[in-house]
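A short worksheet on the structure shown next.
Order of appearance sets the numbers: ligands from 1, and atoms from 1 within every ligand. Given the structure is predicted, the values throughout are model-derived calculations rather than measurements.
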Amino acid sequence: MDELLTKENLELRELVRGIANQHVRPVAAELDRTGEYPWDVIKALQQNGLMGVWIPKEYGGKGMGILNLCLTVEELSKACGGVGVAYAVNALGSFPILLGGTEEQKKKYLPQIAEGKKLIAFCLSEKSAGSDAGSMKARSEFRDGMWVLNGSKKWTTNGNAATIYSVFTTSNPDRGSRGITAFIVEKGTPGFTIGKREDLMGIRCVPVHETHFEECHVPPEDMLGGQEGRGFMHAMMTLDWARPGVAAQALGLAQGALDLAVAYTKERVQFGQSIASNQAIQFMLADMATQVEAARQLVYAAARAIDSGAKSVSKIASMAKVFATDTAMRVTTDAVQLFGGYGYCRDYPIEKYMRDAKITQIYEGTNQIQRMVIGRALIKESSSK
Ligand code: CAA
(Lines give C-alpha, C1' and ligand atoms only; values in the text may rest on other atoms or scores of the structure.)
Protein backbone atom coordinates (compact mmCIF):
# COMPACT_ATOMS: atom_id res chain seq x y z
CA MET A 1 0.00 0.00 0.00
CA ASP A 2 2.50 2.60 -1.19
CA GLU A 3 -0.41 5.03 -1.56
CA LEU A 4 -0.37 5.48 2.22
CA LEU A 5 3.24 6.69 2.16
CA THR A 6 4.35 10.25 1.38
CA LYS A 7 6.73 11.26 -1.39
CA GLU A 8 9.39 11.75 1.30
CA ASN A 9 8.81 8.22 2.66
CA LEU A 10 9.02 6.68 -0.81
CA GLU A 11 12.18 8.58 -1.78
CA LEU A 12 13.89 7.56 1.44
CA ARG A 13 12.83 3.93 0.97
CA GLU A 14 14.22 3.95 -2.58
CA LEU A 15 17.53 5.37 -1.35
CA VAL A 16 17.88 2.76 1.41
CA ARG A 17 16.79 -0.03 -0.94
CA GLY A 18 19.61 0.95 -3.29
CA ILE A 19 22.13 0.90 -0.45
CA ALA A 20 20.82 -2.47 0.76
CA ASN A 21 21.06 -3.98 -2.73
CA GLN A 22 24.54 -2.61 -3.35
CA HIS A 23 26.17 -2.88 0.06
CA VAL A 24 24.22 -5.41 2.15
CA ARG A 25 22.79 -8.22 0.01
CA PRO A 26 26.12 -9.23 -1.59
CA VAL A 27 27.86 -9.57 1.80
CA ALA A 28 25.05 -10.75 4.10
CA ALA A 29 26.10 -14.44 4.08
CA GLU A 30 29.77 -13.54 4.54
CA LEU A 31 29.02 -11.21 7.47
CA ASP A 32 26.94 -13.98 9.04
CA ARG A 33 29.82 -16.44 8.63
CA THR A 34 32.63 -14.17 9.86
CA GLY A 35 30.73 -12.07 12.40
CA GLU A 36 32.46 -8.97 11.03
CA TYR A 37 30.85 -5.63 11.72
CA PRO A 38 29.19 -4.06 8.62
CA TRP A 39 31.43 -0.95 8.61
CA ASP A 40 31.06 -0.46 4.83
CA VAL A 41 27.30 -0.33 5.17
CA ILE A 42 27.50 2.15 8.06
CA LYS A 43 29.82 4.26 5.90
CA ALA A 44 27.37 4.22 3.00
CA LEU A 45 24.50 5.15 5.34
CA GLN A 46 26.63 7.90 6.85
CA GLN A 47 27.58 9.29 3.43
CA ASN A 48 23.90 9.50 2.56
CA GLY A 49 23.07 11.29 5.81
CA LEU A 50 21.02 8.37 7.12
CA MET A 51 22.59 7.93 10.58
CA GLY A 52 20.39 10.68 11.93
CA VAL A 53 17.06 10.02 10.20
CA TRP A 54 15.24 10.16 13.58
CA ILE A 55 17.32 12.96 15.12
CA PRO A 56 15.71 16.43 14.96
CA LYS A 57 17.24 18.96 12.58
CA GLU A 58 18.28 21.28 15.44
CA TYR A 59 20.65 18.51 16.61
CA GLY A 60 22.11 17.81 13.20
CA GLY A 61 19.75 15.06 12.10
CA LYS A 62 17.29 14.75 9.22
CA GLY A 63 14.30 15.29 11.52
CA MET A 64 12.34 12.68 9.59
CA GLY A 65 10.80 10.89 12.57
CA ILE A 66 10.04 7.33 13.53
CA LEU A 67 8.11 6.21 10.45
CA ASN A 68 11.12 7.01 8.29
CA LEU A 69 13.38 5.29 10.81
CA CYS A 70 11.15 2.20 10.51
CA LEU A 71 11.22 2.31 6.71
CA THR A 72 15.02 2.46 6.82
CA VAL A 73 15.27 -0.46 9.26
CA GLU A 74 12.75 -2.49 7.23
CA GLU A 75 14.71 -2.07 3.98
CA LEU A 76 18.05 -2.93 5.57
CA SER A 77 16.58 -5.95 7.38
CA LYS A 78 15.01 -7.25 4.18
CA ALA A 79 18.60 -7.81 3.05
CA CYS A 80 20.15 -8.71 6.44
CA GLY A 81 18.61 -8.72 9.92
CA GLY A 82 22.01 -8.14 11.52
CA VAL A 83 22.63 -4.97 9.53
CA GLY A 84 19.09 -3.83 10.39
CA VAL A 85 19.79 -4.00 14.11
CA ALA A 86 23.34 -2.62 13.82
CA TYR A 87 21.64 0.51 12.46
CA ALA A 88 18.48 0.54 14.63
CA VAL A 89 20.35 0.18 17.91
CA ASN A 90 21.70 3.71 17.41
CA ALA A 91 18.13 4.92 17.73
CA LEU A 92 17.67 2.82 20.89
CA GLY A 93 20.88 4.21 22.38
CA SER A 94 20.16 7.83 21.48
CA PHE A 95 16.48 7.96 22.51
CA PRO A 96 17.34 8.35 26.22
CA ILE A 97 19.30 11.51 25.32
CA LEU A 98 16.61 12.73 22.95
CA LEU A 99 13.77 12.05 25.39
CA GLY A 100 15.44 12.69 28.73
CA GLY A 101 18.71 14.54 28.17
CA THR A 102 19.45 18.13 29.09
CA GLU A 103 19.79 20.67 26.27
CA GLU A 104 23.59 20.56 26.71
CA GLN A 105 23.62 16.75 26.46
CA LYS A 106 21.48 16.85 23.31
CA LYS A 107 23.74 19.47 21.71
CA LYS A 108 26.88 17.57 22.66
CA TYR A 109 25.96 14.02 21.71
CA LEU A 110 23.15 13.94 19.14
CA PRO A 111 25.03 15.71 16.31
CA GLN A 112 27.93 13.23 16.61
CA ILE A 113 25.48 10.35 16.24
CA ALA A 114 23.55 12.03 13.41
CA GLU A 115 26.77 12.54 11.50
CA GLY A 116 27.60 8.87 11.93
CA LYS A 117 30.93 9.76 13.52
CA LYS A 118 30.02 7.83 16.64
CA LEU A 119 27.80 4.83 17.27
CA ILE A 120 25.82 4.50 20.47
CA ALA A 121 24.62 1.55 22.55
CA PHE A 122 22.04 0.98 25.29
CA CYS A 123 23.07 -0.66 28.57
CA LEU A 124 19.97 -1.61 30.55
CA SER A 125 19.84 -5.39 31.06
CA GLU A 126 22.01 -7.35 33.47
CA LYS A 127 22.65 -11.05 34.05
CA SER A 128 19.79 -11.23 36.55
CA ALA A 129 17.79 -8.20 35.48
CA GLY A 130 16.22 -8.88 32.07
CA SER A 131 12.44 -8.60 31.91
CA ASP A 132 12.52 -7.17 35.44
CA ALA A 133 14.69 -4.25 34.39
CA GLY A 134 13.91 -2.37 37.61
CA SER A 135 15.81 -4.97 39.66
CA MET A 136 19.19 -3.94 38.25
CA LYS A 137 22.21 -4.03 40.56
CA ALA A 138 24.77 -1.83 38.77
CA ARG A 139 25.38 0.94 41.24
CA SER A 140 26.07 4.66 40.97
CA GLU A 141 27.22 6.71 43.96
CA PHE A 142 28.05 10.38 44.20
CA ARG A 143 31.49 10.80 45.72
CA ASP A 144 33.74 13.87 45.83
CA GLY A 145 31.92 15.66 43.04
CA MET A 146 31.82 12.70 40.65
CA TRP A 147 29.42 9.82 40.00
CA VAL A 148 31.12 6.46 40.47
CA LEU A 149 29.71 3.47 38.57
CA ASN A 150 30.22 -0.16 39.60
CA GLY A 151 28.62 -3.27 38.11
CA SER A 152 28.08 -5.09 34.83
CA LYS A 153 25.62 -4.97 31.98
CA LYS A 154 24.53 -7.76 29.63
CA TRP A 155 23.37 -7.83 25.99
CA THR A 156 24.94 -4.53 24.98
CA THR A 157 24.15 -4.57 21.26
CA ASN A 158 26.80 -2.81 19.14
CA GLY A 159 29.02 -3.45 22.21
CA ASN A 160 32.56 -2.84 20.97
CA ALA A 161 31.48 -0.96 17.82
CA ALA A 162 29.89 1.87 19.78
CA THR A 163 31.75 4.76 21.38
CA ILE A 164 28.91 6.26 23.44
CA TYR A 165 26.75 4.29 25.88
CA SER A 166 23.49 5.11 27.66
CA VAL A 167 23.99 3.33 30.97
CA PHE A 168 21.30 2.64 33.57
CA THR A 169 22.24 2.14 37.21
CA THR A 170 20.66 2.30 40.62
CA SER A 171 21.72 5.26 42.70
CA ASN A 172 19.26 4.34 45.45
CA PRO A 173 18.38 0.64 45.68
CA ASP A 174 15.82 1.30 48.45
CA ARG A 175 13.67 3.25 45.98
CA GLY A 176 13.35 0.45 43.39
CA SER A 177 12.61 1.76 39.91
CA ARG A 178 12.46 5.32 41.31
CA GLY A 179 16.10 4.95 42.37
CA ILE A 180 17.38 4.33 38.84
CA THR A 181 19.66 6.95 37.32
CA ALA A 182 21.16 6.92 33.84
CA PHE A 183 24.49 8.22 32.55
CA ILE A 184 26.13 8.88 29.22
CA VAL A 185 29.50 7.14 29.24
CA GLU A 186 32.10 7.34 26.50
CA LYS A 187 34.46 4.56 25.47
CA GLY A 188 37.86 5.12 27.03
CA THR A 189 36.48 6.38 30.35
CA PRO A 190 38.74 4.77 32.97
CA GLY A 191 36.97 1.88 34.70
CA PHE A 192 34.70 1.16 31.73
CA THR A 193 35.57 -2.02 29.80
CA ILE A 194 33.97 -4.13 27.11
CA GLY A 195 33.70 -7.77 28.17
CA LYS A 196 32.87 -11.09 26.56
CA ARG A 197 31.24 -11.16 23.12
CA GLU A 198 28.18 -13.42 22.91
CA ASP A 199 28.13 -16.25 20.35
CA LEU A 200 24.64 -15.76 18.91
CA MET A 201 22.28 -17.88 16.79
CA GLY A 202 21.48 -14.98 14.44
CA ILE A 203 22.25 -11.29 13.79
CA ARG A 204 25.83 -12.52 13.84
CA CYS A 205 27.49 -9.45 12.34
CA VAL A 206 26.46 -7.35 15.34
CA PRO A 207 28.73 -7.55 18.35
CA VAL A 208 26.72 -8.11 21.53
CA HIS A 209 28.88 -7.77 24.61
CA GLU A 210 28.94 -7.65 28.36
CA THR A 211 30.03 -4.23 29.61
CA HIS A 212 31.77 -3.65 32.93
CA PHE A 213 32.10 -0.63 35.20
CA GLU A 214 34.64 -0.67 37.97
CA GLU A 215 35.11 2.57 39.89
CA CYS A 216 34.18 4.32 36.66
CA HIS A 217 34.06 8.07 37.34
CA VAL A 218 31.50 10.07 35.38
CA PRO A 219 31.11 13.85 35.73
CA PRO A 220 27.74 15.17 36.98
CA GLU A 221 27.06 16.82 33.61
CA ASP A 222 26.81 13.33 32.08
CA MET A 223 24.03 12.23 34.40
CA LEU A 224 21.09 11.88 31.98
CA GLY A 225 18.69 14.77 32.34
CA GLY A 226 20.68 16.18 35.26
CA GLN A 227 18.30 14.57 37.74
CA GLU A 228 18.62 11.49 39.90
CA GLY A 229 15.96 8.76 39.94
CA ARG A 230 14.46 9.38 36.52
CA GLY A 231 16.33 6.65 34.67
CA PHE A 232 13.61 4.00 34.71
CA MET A 233 11.06 6.38 33.27
CA HIS A 234 13.51 7.38 30.54
CA ALA A 235 14.26 3.71 29.80
CA MET A 236 10.55 2.94 29.46
CA MET A 237 9.93 5.98 27.26
CA THR A 238 12.90 4.90 25.14
CA LEU A 239 11.52 1.38 24.71
CA ASP A 240 8.13 2.78 23.68
CA TRP A 241 9.88 4.63 20.86
CA ALA A 242 12.30 1.84 19.98
CA ARG A 243 9.95 -1.15 19.85
CA PRO A 244 8.44 -0.13 16.48
CA GLY A 245 12.03 -0.29 15.19
CA VAL A 246 12.39 -3.93 16.28
CA ALA A 247 9.00 -4.54 14.71
CA ALA A 248 10.32 -2.96 11.48
CA GLN A 249 13.36 -5.23 11.62
CA ALA A 250 10.99 -8.23 11.90
CA LEU A 251 8.84 -6.86 9.10
CA GLY A 252 11.86 -6.54 6.82
CA LEU A 253 12.94 -10.09 7.62
CA ALA A 254 9.44 -11.44 6.94
CA GLN A 255 9.15 -9.55 3.64
CA GLY A 256 12.65 -10.61 2.60
CA ALA A 257 11.89 -14.27 3.34
CA LEU A 258 8.55 -14.06 1.52
CA ASP A 259 10.20 -12.55 -1.57
CA LEU A 260 12.76 -15.36 -1.64
CA ALA A 261 10.06 -17.99 -1.11
CA VAL A 262 7.91 -16.68 -3.99
CA ALA A 263 10.91 -16.64 -6.34
CA TYR A 264 12.04 -20.14 -5.30
CA THR A 265 8.62 -21.79 -5.54
CA LYS A 266 8.22 -20.40 -9.08
CA GLU A 267 11.59 -21.86 -10.10
CA ARG A 268 11.48 -25.18 -8.30
CA VAL A 269 10.02 -27.89 -10.54
CA GLN A 270 8.62 -31.15 -9.13
CA PHE A 271 6.20 -33.57 -10.79
CA GLY A 272 6.73 -31.64 -14.04
CA GLN A 273 5.56 -28.23 -12.83
CA SER A 274 6.71 -25.39 -10.61
CA ILE A 275 5.77 -26.05 -7.01
CA ALA A 276 4.11 -22.59 -6.99
CA SER A 277 1.47 -24.06 -9.32
CA ASN A 278 0.15 -26.14 -6.43
CA GLN A 279 -2.73 -24.63 -4.51
CA ALA A 280 -1.25 -25.88 -1.21
CA ILE A 281 1.86 -23.78 -1.86
CA GLN A 282 -0.13 -20.74 -3.07
CA PHE A 283 -2.24 -20.85 0.09
CA MET A 284 0.89 -20.85 2.21
CA LEU A 285 2.27 -17.87 0.27
CA ALA A 286 -1.08 -16.09 0.53
CA ASP A 287 -1.18 -16.49 4.31
CA MET A 288 2.41 -15.33 4.61
CA ALA A 289 1.77 -12.23 2.47
CA THR A 290 -1.42 -11.36 4.36
CA GLN A 291 0.35 -11.55 7.71
CA VAL A 292 3.26 -9.45 6.44
CA GLU A 293 0.91 -6.73 5.17
CA ALA A 294 -1.06 -6.70 8.44
CA ALA A 295 2.22 -6.39 10.38
CA ARG A 296 3.34 -3.55 8.11
CA GLN A 297 0.20 -1.51 8.73
CA LEU A 298 0.49 -1.98 12.52
CA VAL A 299 4.19 -1.05 12.53
CA TYR A 300 3.54 2.08 10.48
CA ALA A 301 0.55 2.97 12.68
CA ALA A 302 2.72 2.75 15.81
CA ALA A 303 5.42 4.88 14.17
CA ARG A 304 2.85 7.44 13.01
CA ALA A 305 1.40 7.59 16.54
CA ILE A 306 4.84 8.54 17.91
CA ASP A 307 5.41 11.05 15.12
CA SER A 308 2.01 12.62 15.83
CA GLY A 309 3.12 13.39 19.39
CA ALA A 310 0.50 11.07 20.90
CA LYS A 311 0.81 11.04 24.69
CA SER A 312 0.63 7.35 25.34
CA VAL A 313 2.22 5.03 22.80
CA SER A 314 3.18 2.04 24.98
CA LYS A 315 0.23 -0.12 23.93
CA ILE A 316 0.47 0.43 20.16
CA ALA A 317 4.29 0.11 20.25
CA SER A 318 4.01 -3.23 22.08
CA MET A 319 1.24 -4.41 19.76
CA ALA A 320 3.41 -3.67 16.73
CA LYS A 321 6.38 -5.44 18.32
CA VAL A 322 4.39 -8.58 19.24
CA PHE A 323 2.53 -8.86 15.98
CA ALA A 324 5.41 -8.13 13.61
CA THR A 325 7.93 -10.32 15.42
CA ASP A 326 5.57 -13.29 15.83
CA THR A 327 4.74 -12.85 12.13
CA ALA A 328 8.42 -12.83 11.22
CA MET A 329 8.99 -16.10 13.08
CA ARG A 330 6.01 -17.79 11.38
CA VAL A 331 6.77 -16.44 7.92
CA THR A 332 10.50 -17.20 7.98
CA THR A 333 9.77 -20.72 9.28
CA ASP A 334 7.24 -21.29 6.48
CA ALA A 335 9.75 -19.91 3.98
CA VAL A 336 12.30 -22.50 5.11
CA GLN A 337 9.59 -25.15 4.68
CA LEU A 338 8.93 -23.98 1.11
CA PHE A 339 12.62 -24.38 0.27
CA GLY A 340 12.42 -28.00 1.48
CA GLY A 341 15.79 -29.61 2.23
CA TYR A 342 17.59 -26.64 0.67
CA GLY A 343 15.92 -24.38 3.21
CA TYR A 344 17.78 -26.18 5.97
CA CYS A 345 21.10 -25.73 4.29
CA ARG A 346 23.47 -22.76 4.44
CA ASP A 347 24.02 -22.84 0.67
CA TYR A 348 20.71 -20.97 0.46
CA PRO A 349 20.03 -17.62 2.14
CA ILE A 350 16.70 -18.54 3.73
CA GLU A 351 17.72 -20.27 6.99
CA LYS A 352 19.52 -17.07 8.07
CA TYR A 353 16.20 -15.22 7.99
CA MET A 354 14.73 -17.69 10.46
CA ARG A 355 17.75 -17.42 12.78
CA ASP A 356 17.74 -13.62 12.57
CA ALA A 357 13.98 -13.46 13.19
CA LYS A 358 14.08 -15.40 16.47
CA ILE A 359 15.80 -12.64 18.46
CA THR A 360 13.12 -10.10 17.54
CA GLN A 361 10.65 -12.02 19.75
CA ILE A 362 13.12 -11.75 22.62
CA TYR A 363 14.98 -8.44 22.74
CA GLU A 364 13.73 -5.00 23.67
CA GLY A 365 11.27 -6.82 25.89
CA THR A 366 10.19 -10.42 25.31
CA ASN A 367 6.83 -10.85 23.62
CA GLN A 368 5.48 -12.04 26.96
CA ILE A 369 6.45 -8.63 28.43
CA GLN A 370 4.80 -6.86 25.46
CA ARG A 371 1.56 -8.73 26.16
CA MET A 372 1.88 -7.64 29.79
CA VAL A 373 2.25 -3.99 28.69
CA ILE A 374 -0.79 -4.32 26.39
CA GLY A 375 -2.84 -6.06 29.09
CA ARG A 376 -1.99 -3.44 31.73
CA ALA A 377 -2.88 -0.64 29.30
CA LEU A 378 -6.26 -2.23 28.52
CA ILE A 379 -7.11 -2.52 32.21
CA LYS A 380 -5.99 1.06 32.88
CA GLU A 381 -8.01 2.39 29.94
CA SER A 382 -11.12 0.50 31.00
CA SER A 383 -10.99 1.93 34.53
CA SER A 384 -10.70 5.48 33.23
CA LYS A 385 -13.80 5.12 30.98
N1 CAA B 1 6.67 5.54 30.07
C2 CAA B 1 6.95 6.31 31.15
N3 CAA B 1 6.99 5.80 32.40
C4 CAA B 1 6.72 4.49 32.55
C5 CAA B 1 6.42 3.65 31.46
C6 CAA B 1 6.39 4.22 30.18
N7 CAA B 1 6.12 3.49 29.09
N8 CAA B 1 6.22 2.40 31.92
C9 CAA B 1 6.35 2.45 33.27
N10 CAA B 1 6.65 3.72 33.64
C11 CAA B 1 6.87 4.22 34.99
C12 CAA B 1 5.61 3.95 35.81
O13 CAA B 1 4.69 5.01 35.70
C14 CAA B 1 6.16 3.86 37.22
O15 CAA B 1 6.40 5.16 37.71
P16 CAA B 1 6.12 5.56 39.25
O17 CAA B 1 7.10 4.75 40.05
O18 CAA B 1 6.38 7.00 39.28
O19 CAA B 1 4.71 5.16 39.52
C20 CAA B 1 7.51 3.20 37.01
O21 CAA B 1 7.88 3.45 35.64
C22 CAA B 1 7.50 1.71 37.27
O23 CAA B 1 6.51 1.15 36.41
P24 CAA B 1 5.99 -0.35 36.57
O25 CAA B 1 5.56 -0.56 37.99
O26 CAA B 1 5.01 -0.60 35.50
O27 CAA B 1 7.34 -1.16 36.33
P28 CAA B 1 7.61 -2.71 36.38
O29 CAA B 1 8.79 -2.94 37.24
O30 CAA B 1 6.36 -3.47 36.68
O31 CAA B 1 8.11 -3.02 34.88
C32 CAA B 1 7.91 -3.55 32.57
C33 CAA B 1 7.36 -2.77 33.76
C34 CAA B 1 7.04 -3.12 31.41
C35 CAA B 1 7.82 -5.04 32.76
C36 CAA B 1 9.39 -3.15 32.29
O37 CAA B 1 10.24 -3.61 33.32
C38 CAA B 1 9.90 -3.65 30.97
O39 CAA B 1 9.61 -3.07 29.92
N40 CAA B 1 10.70 -4.76 30.98
C41 CAA B 1 11.37 -5.23 29.81
C42 CAA B 1 12.70 -4.58 29.70
C43 CAA B 1 13.25 -4.63 28.31
O44 CAA B 1 12.55 -4.40 27.34
N45 CAA B 1 14.53 -4.92 28.21
C46 CAA B 1 15.21 -4.97 26.96
C47 CAA B 1 16.41 -4.09 26.98
S48 CAA B 1 17.12 -3.65 25.43
C49 CAA B 1 17.80 -5.03 24.81
O50 CAA B 1 17.12 -5.98 24.66
C51 CAA B 1 19.23 -5.07 24.38
C52 CAA B 1 19.56 -4.35 23.17
O53 CAA B 1 20.57 -3.66 23.13
C54 CAA B 1 18.76 -4.47 21.92
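Taking all atoms of both residues into account, the shortest heavy-atom contact from R25 to Y353 is NH1-OH, 4.0 Å. The two residues C80 and K352 make their nearest non-hydrogen contact at SG-NZ, 3.2 Å.
For ligand 1, the atoms lying closer than 4.0 Å to a non-hydrogen atom of L239 are 43 (C), 44 (O). Ligand 1 places these atoms under 4.0 Å from at least one heavy atom of L92: 52 (C), 53 (O), 54 (C). Using a 4.0 Å cut-off to heavy atoms of S314, the atoms of ligand 1 that qualify are 7 (N).
Side-chain atoms of D287 do not come within 3.5 Å of backbone N or O of M284 as any donor-acceptor pair. The main-chain N or O of K137 is found under 3.5 Å from a side-chain atom of E126 such that the two form a donor-acceptor pair.
Atom 17 (O) of ligand 1 has R178 NE, 2.7 Å as its closest protein atom, hydrogens excluded (heavy atom only). In this structure, atom 3 (N) of ligand 1 lies nearest to the protein heavy atom M233 CG, 3.6 Å. For atom 51 (C) of ligand 1, the closest non-hydrogen atom on the protein side is W155 O, 3.5 Å. For atom 42 (C) of ligand 1, the closest non-hydrogen atom of the protein is G130 O, 3.8 Å. Counting protein heavy atoms only, atom 32 (C) of ligand 1 is closest to M236 SD, 4.5 Å. The protein non-hydrogen atom at the shortest distance from atom 47 (C) of ligand 1 is S125 OG, 3.6 Å. What sits closest to atom 25 (O) of ligand 1 on the protein, heavy atoms only, is R376 NH1, 4.3 Å.
Distance check on atom 11 (C) of ligand 1: every protein heavy atom falls at or beyond the 4.0 Å cut-off. Counting only heavy atoms, the protein never gets under 4.0 Å from atom 14 (C) of ligand 1.
At a heavy-atom cutoff of 4.0 Å, ligand 1 is contacted by no atom of T156, backbone or side chain. When heavy-atom distances to ligand 1 are checked against a 4.0 Å cut-off, N158 has no atom that comes that close, whether in backbone or side chain. The backbone of S131, and not its side chain, has at least one atom closer than 4.0 Å to an atom of ligand 1 (non-hydrogen atoms only; backbone = N, CA, C, O). At a heavy-atom cutoff of 4.0 Å, ligand 1 is contacted by the side chain of V373 but not by its backbone. Residue contacts with ligand 1, taken as heavy atom pairs separated by less than 4.0 Å, involve D240 solely via side-chain atoms from C-beta onward.
Checked options K358, K321, R371; the residue passing with D326 is R371 (criterion: salt bridge (Lys or Arg N to Asp or Glu O under 4.0 Å)).
Note on ligand 1: H234 sits outside its first shell, no heavy atom being nearer than 4.0 Å. Within the structure, the closest approach of G365 to ligand 1 falls below 4.0 Å when heavy atoms are considered.
Y363 and Q249 form a side-chain donor-acceptor contact under 3.5 Å, judged by distance and modelled atom types alone. With hydrogens and angles left out, the side-chain atoms of Q112 and K117 include no donor and acceptor closer than 3.5 Å. In this model, a donor atom of one side chain and an acceptor atom of the other lie less than 3.5 Å apart for T211 and T156. Using modelled atom types, one finds a donor on one side chain and an acceptor on the other under 3.5 Å when comparing N68 with E8. Remark: the N160 side chain and the Y37 side chain contain no N/O donor-acceptor pair separated by less than 3.5 Å. Checked by atom type, the side-chain pair T360/T325 shows no donor-acceptor distance below 3.5 Å.
Across E364, Q370, M372, R243, heavy-atom proximity to atom 39 (O) of ligand 1 is greatest for R243. Looking at V89, T157, V206 and measuring to atom 52 (C) of ligand 1, the nearest heavy atom belongs to T157. The closest heavy-atom contact to atom 20 (C) of ligand 1, among the options F168, F232, F122, comes from F232.
Both M64 and L45 are assigned to one and the same hydrophobic cluster, defined by single-linkage of ILVMFWY side chains at heavy-atom distances under 4.5 Å. Cluster membership for L12 and M51, using ILVMFWY side-chain heavy atoms within less than 4.5 angstrom, is shared.
Note on E364 versus R243: no salt bridge recorded, every NZ/NE/NH1/NH2 to OD/OE distance being 4.0 Å or above.
Between D132 and ligand 1, a contact under 3.5 Å exists for no N or O pair.
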